[in-house]
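Have a look at the structure below, then the notes.
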Amino acid sequence: MAFVPFDRPVRAAFIGLGRIYDLNVLGYRGNPDVEVVALVDPDQQRLAQRQADWPDAATFSSAAELAASGIQVDAAEVLLPVPLHADGVVEMLGWGWHVNLQKPMCNDLLDAQRMLDAAKASGRVLRVMENYLFYEPLRRLKAVVESGEIGEVVGYHMKMVGSGNGGWHVPWSSFEWQLEQIGRGRGILVFDDGWHKLSTARWLFGPIKQVRSWIGTTSFGSGIDLDAPTMIAWEHACGVRGVWDITLAPDLYLRSDYYTNDERWEITGNKGFARVNRCTGRGIQQPSLEVYSDGEMRGYHALDDDWASSFRDSGRHWLRWLQTGEGPLLWSGEEAVEVLRFALAAYASSAADGIGVNPGQVV
Ligand SMILES: NC(=O)c1ccc[n+]([C@@H]2O[C@H](COP(=O)([O-])OP(=O)(O)OC[C@H]3O[C@@H](n4cnc5c(N)ncnc54)[C@H](O)[C@@H]3O)[C@@H](O)[C@H]2O)c1
């Protein structure tokens, strides 16, 4: 069934009103493309708190109650804990709702296929949002590289240092399901936050043909096993190689309005380099993008480098897309499966002492 664009504001429901709602909501506020008709969360306190944003929206403890209520929903903004993604999304697509899902899509290929099948069967659109692809310094980085300013790309590097010191408050309840994920071998650094880094790699240089990795563990007791130190390297089908190192520095204080992650992307060309110095946290407080070429360094001082803006723009993109059906979804369900395969290939490689694994062949 072909998608038919809406010619009126989309009636949307937020499913899950936890920590990340605070940023996802930015694409919805003051947006004429959408009318928020319902809020869903089993936590009554959260419902009451978020109702202040949308006084006219109806509130429910479960998506099933909303579906049975007779309130018409066109699209769901799904902000559920990851262990609930697959069943929740299959159910919502079955009710005829389009779905904008937070990452990671799900834990394995079987669940991913169930979700794609449900979208096909219902003729509804499944998007797995990737806010990093809307972060202006990264968008500008891509444009700089594509312009040829640093010459031909000869390789690139991503860096992430996880720290527990600084940033916004994350309630313990948001960690509980992460512990469940850790127990299933889907760690916070490589799989949860890492999903973004793997996404940016796929977005920058296209499909991946081989991954080699060495995933470590740092244990803090009580099942809190963080997946660092880790090194992952890969080659794209276009021949460009990338490498990503993940380090844990638990006591490193990092100024941040959000999570405490020190992140960098550095692309080397045969006559220069371009580097994004930060993203979620404020590690290096130089211009968020710097470009060195022909003996000169250029700093971009006026980019919208507030990480929250990437959520706003990703949400607006989705809601506009529903009005036009035009342009890339960033990501479609199928593209998100490629990101999942990239992560699964990293796990398979690490389990086999770092051999090269083709993401297209993981099962
Ligand atoms: N893009 C990013 O950078 C980013 C950052 C953080 C989290 N996330 C993703 O966002 C999602 C949510 O993460 P979070 O940190 O907000 O988690 P959270 O635990 O803070 O919030 C989840 C909310 O879902 C509610 N919930 C639980 N079961 C429910 C159900 N059956 N129906 C409706 N609501 C239910 C909980 O009560 C809670 O309010 C996850 O997929 C996570 O990976 C993405």
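Predicted, not measured: the structure shown is a model, and the values here were computed from it. Whatever order the structure lists ligands and atoms in, that order sets their numbers, starting from 1. The figures here come from the full heavy-atom set of this structure, side chains too, leaving out hydrogens, waters and symmetry mates.
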Considering only NZ, NE, NH1 and NH2 on the basic side and carboxylate oxygens on the acidic side, decide whether [X] and [Y] come within less than 4.0 Å.
| X | Y | answer |
| --- | --- | --- |
| D313 | R139 | no |
| E263 | K197 | yes |
| R11 | E35 | no |
| R114 | D87 | yes |
| R50 | D22 | yes |

For [X], state whether at least one heavy atom is located under 4.0 Å from any atom of ligand 1.
| X | value |
| --- | --- |
| Y132 | no |
| H196 | yes |
| P81 | yes |
| P104 | yes |
| W307 | yes |
| P42 | yes |
| W177 | yes |
| E176 | no |

Atom indices of ligand 1, in the order listed, that fall short of 4.0 Å to a heavy atom of [X]:
| X | result |
| --- | --- |
| H85 | 41 (O) |
| N131 | 1 (N), 2 (C), 3 (O) |
| V82 | 41 (O), 43 (O) |

Exercise. Please report the shortest heavy-atom distance between V161 and A249, naming the atom on each side.
Key: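 For V161 versus A249, the nearest heavy atoms are CG1-CB, 3.7 Å.
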
Heavy-atom distances under 4.0 Å are what count here, so tell me which part of [X] touches ligand 1: side chain, backbone, both or neither.
| X | result |
| --- | --- |
| Y259 | side chain |
| M129 | neither |
| L84 | side chain |
| R19 | both |
| D192 | side chain |

Quiz prompt | Parallel, tilted or perpendicular: rings of Y21 and F14 (30°, 60°) | solution =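 Geometry flag for Y21 against F14: perpendicular rings.
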
Quiz item: Do the rings of W95 and W97 sit parallel, tilted or perpendicular, given the 30° and 60° boundaries?
Solution: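 Taking W97 first and then W95, their aromatic rings sit tilted (interplane angle of 30° to 60°).
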
Is [X] in polar range of ligand 1, meaning some N or O pair under 3.5 Å apart?
| X | result |
| --- | --- |
| Y21 | no |
| Q102 | yes |
| F311 | no |
| D43 | no |

Identity and separation of the nearest protein heavy atom to [atom]:
| atom | result |
| --- | --- |
| atom 11 (C) of ligand 1 | L80 O, 3.4 Å |
| atom 12 (C) of ligand 1 | L79 O, 3.4 Å |
| atom 21 (O) of ligand 1 | G18 CA, 3.2 Å |
| atom 43 (O) of ligand 1 | K103 O, 2.9 Å |
| atom 18 (P) of ligand 1 | S174 OG, 3.6 Å |
| atom 16 (O) of ligand 1 | I20 N, 2.9 Å |
| atom 38 (C) of ligand 1 | R46 NH1, 3.2 Å |

Quiz item: Looking only at atom types and distance, does a side-chain atom of R140 sit under 3.5 Å from a main-chain N or O of Y135, one as donor and one as acceptor?
Solution: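 No.
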
Exercise. Would you indicate whether the side-chain heavy atoms of L66 and I71 approach each other to under 4.5 Å?
Key: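 Yes, side chains in contact.
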
Quiz prompt | N131 side chain reached by H196 side chain, heavy atoms, under 4.5 Å | solution =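 In contact.
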
Quiz item: What do you reckon, are the aromatic ring centroids of W321 and F3 less than 6.0 Å apart?
Solution: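 Distance test on ring centres: under 6.0 Å, yes.
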
Quiz item: Ring centres of H236 and Y156 under 6.0 Å apart?
Solution: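 Yes - the distance between ring centres of H236 and Y156 falls below the 6.0 Å cut-off.
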
Exercise. Return the option from L39, L101, D41 holding the heavy atom at the smallest distance from atom 39 (O) of ligand 1.
Key: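 Nearest heavy atom to atom 39 (O) of ligand 1 lies in D41.
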
Quiz item: Between T59 and Q44, is any side-chain donor less than 3.5 angstrom from a side-chain acceptor?
Solution: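 There is no such pair between these side chains.
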
Self-check item: salt bridge (Lys or Arg N to Asp or Glu O under 4.0 Å) partners of E290, counting only residues at least two apart
Solution: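 For E290, the residues satisfying salt bridge (Lys or Arg N to Asp or Glu O under 4.0 Å) (neighbours in sequence not counted) are R275.
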
Exercise. Report yes or no: is the cationic atom of R186 (NZ for Lys, CZ for Arg) closer than 6.0 Å to the six-membered ring centre of Y347, at no more than 45° off its axis?
Key: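 Judged by the rule (NZ or CZ under 6.0 Å from the ring centre, within 45° of its axis), R186 counts as positioned above Y347.
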
